[in-house]
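Data block below; observations after.
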Amino acid sequence: MRTADLRSDTVTRPTEAMRQAMYQADVGDDVFGEDPTVNLLERRAAELVGKEAAVFVPSGTMGNQIAVAVHTSPGHEVICEEHSHVVMYEMGTLARFSGCLARAVPTSHGILDWPAISPRLRPASNHFRGTGLISLENTHNFAGGRVYPMETLRSIRAEALAAEVPVHMDGARVFHAAAALGVSLAEIAATADSLTFCLSKGLGAPVGSLLTGDRHFIEEARLMRKALGGGMRQAGVLAAAGLVALEQSPANIPAAHANAKFLAESLAKVPGISVDPAEVETNIVFFDISGTGLTNAEFTGSLREAGVLALGLAPGRIRIVTHQDVDRDDCERAVEVIAATCAGPAIHR
Ligand SMILES: *Cc1c(COP(=O)(O)O)cnc(C)c1O
């Protein structure tokens with residue numbers, strides 16, 4: 001039985017082209033700056049997002065936390081959305097490594113705007129350390145892959161510049177944001193001082209993320225990467241797959257978005273499931289199973305038996321994510337399996 005793994009877009013396997021490139025990669029010691037493939041990947045990434053420089057890091061978490069550490073000093077507040085990855089899923093590193101405090105802002109759909117940010121902004125004074133950074137997540141994972149509208153980003157950028165507060169973008173899935181809006185990565189990246197994106201999510205590479213920014217910022221970021229234990233040696237074998245991912249994988253994103261839309265529209269018709277297809281803008285679909293009477297474990301367990309993997313991320317709240325290793329047939333089968341599970345809850349208790 002073929003498994004449709006919809007838990008995350010991190011589950012993709014490297015393509016044949018990636019494996020070939022990894023095998024043939026020219027390598028050196030990257031801590032000495034001598035890995036030609038890593039250097040090429042960093043140049044290519046910087047070019048793509050229109051920044052001066054980039055540094056290859058093992059994970060998106062490390063990229064984000066290096067950015068926080070470089071932009072801030074201990075005691076600073078970091079304004080971010082309440083369900084953002086930097087505060088929810090990075091092991092408290094904001095506090096542990098940078099000594100920062102999250103000013104987590106509630107929103108209805110994960111997207112901050114200046115009216116939400118400005119009341120939380122605090123200039124340093126005799127009484128408090130003040131705001132050190134604004135961090136934006138684009139697309140927003142926990143909000144279901146929501147995309148920042150360009151006007152919102154530009155307005156935050158302009159106001160933050162005036163307030164002299166740097167902006168970091170957690171763009172783990174920024175390629176998806178660009179595809180959804182039909183804009184270039186550089187247009188999005190221009191609204192932030194620094195940007196992280198993942199090669200290992202929707203782009204299908206096995207490992208790695210890039211942190212991008214101006215030359216001085218990236219020099220500091222390299223030191224922080226070493227401090228966090230992220231200095232890799234012959235990392236060209238990984239960078240080689242990343243270069244293929246940058247070249248070939250963005251073309252697969254529109255299909256992933258269409259499949260997510262298909263899943264949301266189909267699941268909206270299944271009794272017991274609640275989902276608004278209009279809220280699905282990219283490759284992530286959250287749906288509510290409260291109406292089925294099943295627990296998350298019963299629901300995902302039943303799916304698993306039929307070869308469909310989904311993730312329960314909050315009570316009654318299930319996430320599925322499309323990517324280049326699932327096709328329309330997999331999605332159609334997932335809908336059938338979910339409908340069957342919802343139709344026969346009694347047998348699973
Ligand atoms: C996955 C993800 C990250 C980074 O995760 P790693 O597993 O550390 O690569 C960061 N931000 C968002 C929004 C993510 O979804």
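When a ligand or atom number is given, it counts from 1 through the structure's own listing order.
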*Is any N or O atom of Asp170, backbone or side chain, closer than 3.5 Å to an N or O atom of ligand 1?*
yes

*Quick one: does Arg173 get within less than 4.0 Å of ligand 1, heavy atoms only?*
yes

*Closest non-hydrogen protein atom to atom 8 (O) of ligand 1, residue and atom name please, with distance?*
Thr61 OG1, 2.6 Å

_ILVMFWY cluster, Val244 and Phe197 together (side-chain gap under 4.5 Å)_ = no

*For Asn141, counting its heavy atoms only, list the atoms of ligand 1 lying under 4.0 Å from any of them.*
13 (C), 15 (O)

*Which atoms of ligand 1 are found less than 4.0 Å from any heavy atom of Lys201?*
1 (C), 2 (C), 3 (C), 4 (C), 5 (O), 14 (C), 15 (O)

_Within the 3.5 Å criterion, strictly below it, is a donor on Ser184 or Glu187 matched to an acceptor on the partner's side chain?_
yes

*When you check the side-chain N and O atoms of Asp5 and Thr3, is any donor under 3.5 Å from an acceptor?*
no

_Part of Asn64 within contact of ligand 1 (heavy atoms, under 4.0 Å)_ = side chain

*Could you name the option among Gln65, His140, His83, His85 that has the heavy atom nearest to atom 10 (C) of ligand 1?*
His85

*Could you say whether the N/O atoms of Ala172 and ligand 1 ever approach to under 3.5 Å?*
no

*What atoms of ligand 1 come closer than 4.0 angstrom to any heavy atom of Ser59?*
8 (O), 9 (O)

*Is Arg13 atom CZ crowded by more than 12 heavy atoms from other residues, nucleotides or ligands, each under 6.0 Å away?*
no

*Parallel under 30°, tilted from 30 to 60°, perpendicular over 60°: which one fits the rings of His176 and His257?*
tilted

*Looking at Phe217 versus His71, is the centre-to-centre ring distance below 6.0 Å?*
yes

*For atom 9 (O) of ligand 1, which protein heavy atom lies nearest, and how many Å away is it?*
Gly60 N, 2.8 Å

*Same cluster (ILVMFWY, side-chain, under 4.5 Å), Leu101 and Leu133*: no

*Check which hydrophobic residues are tied to Leu313 through side-chain heavy-atom contacts below 4.5 Å, counting indirect links as well, and list them.*
Val87, Met88, Tyr89, Phe142, Ile284, Phe286, Leu311, Val321

*Can an N or O of Glu137 be found at a distance shorter than 3.5 Å from an N or O of ligand 1?*
no

